[in-house]
Amino acid sequence: MARGAGYAELNETHLEFHVALVGLAGSPRLVHTARALVAELKVVLAQIDRAERNAHDQADSHEAIVALLEAGRVDDGLVAIDEHLRDAERDILHALGAT
C-alpha cells in the first residue's frame, strides 16, 4: 500500500498473506490445500465487484495480525484472524446477495 500498489496487486498479496499464515504450521500439505482454496476463492472474487476500499482495509487488518504475532501475542493474533475471516465471509456473502 505504501508504494501505491493497485487493487489487483493488493488483492493478490492479500490472498498470499493467508497462505503464508497457513505456512506457519509447517505442513506442505496444508499449504497445498490453502493454495487450492485460494484458487477457488479467486473464482468467487472474480464474480464480485469488490470495492478498492476493501483491499486497503484488508491490508490494515493483515498488518495488525502480523504485529500481534511478532509481539508473541499468539492468542490475540488468533482472535484477530478469526475476526478477519468472519468479516471476509460476511462481506462476500453480502456482495453475492446471500444475506
S.K.: At their closest point, which heavy atom of Leu68 faces which heavy atom of Asp76, and how far apart are they?
M.R.: CD1-O, 3.7 Å

S.K.: I need the minimum non-hydrogen distance between Ala80 and Ile65, along with the two atoms involved.
M.R.: CB-CG1, 3.8 Å

S.K.: Kindly work out whether a path of hydrophobic side-chain contacts (I/L/V/M/F/W/Y, heavy atoms less than 4.5 Å apart) joins Leu21 to Leu85.
M.R.: yes

S.K.: Side chain to side chain contact (heavy atoms under 4.5 Å, CB included), that's the test. Do Glu12 and Lys42 meet it? Break it down for me.
M.R.: CA-CA 9 Å; Glu12 191 65 32; Lys42 286 179 181 180; 2.9 Å; yes

S.K.: Nearest heavy-atom pair of Gly77 and Leu69: which atoms, and what distance?
M.R.: CA-CD2, 4.2 Å

S.K.: Within a 6.0 Å radius of atom CD on Glu16, are there more than 12 heavy atoms belonging to other residues, nucleotides or ligands?
M.R.: yes

S.K.: Is the closest basic N to carboxylate O distance between Glu40 and Arg35 below 4.0 Å?
M.R.: no

S.K.: Are Leu30 and Leu37 connected in the hydrophobic side-chain network, where two residues link if heavy atoms are under 4.5 Å apart?
M.R.: no

S.K.: Between Val74 and Val79, is there a shared hydrophobic cluster once you connect ILVMFWY residues whose side-chain heavy atoms come closer than 4.5 Å?
M.R.: no

S.K.: Are Leu24 and Ile81 connected into the same hydrophobic cluster when the rule is that any two of I, L, V, M, F, W, Y join if their side-chain heavy atoms are below 4.5 Å apart?
M.R.: yes

S.K.: Which of parallel (below 30°), tilted (30 to 60°) and perpendicular (above 60°) describes His14 and His84?
M.R.: perpendicular

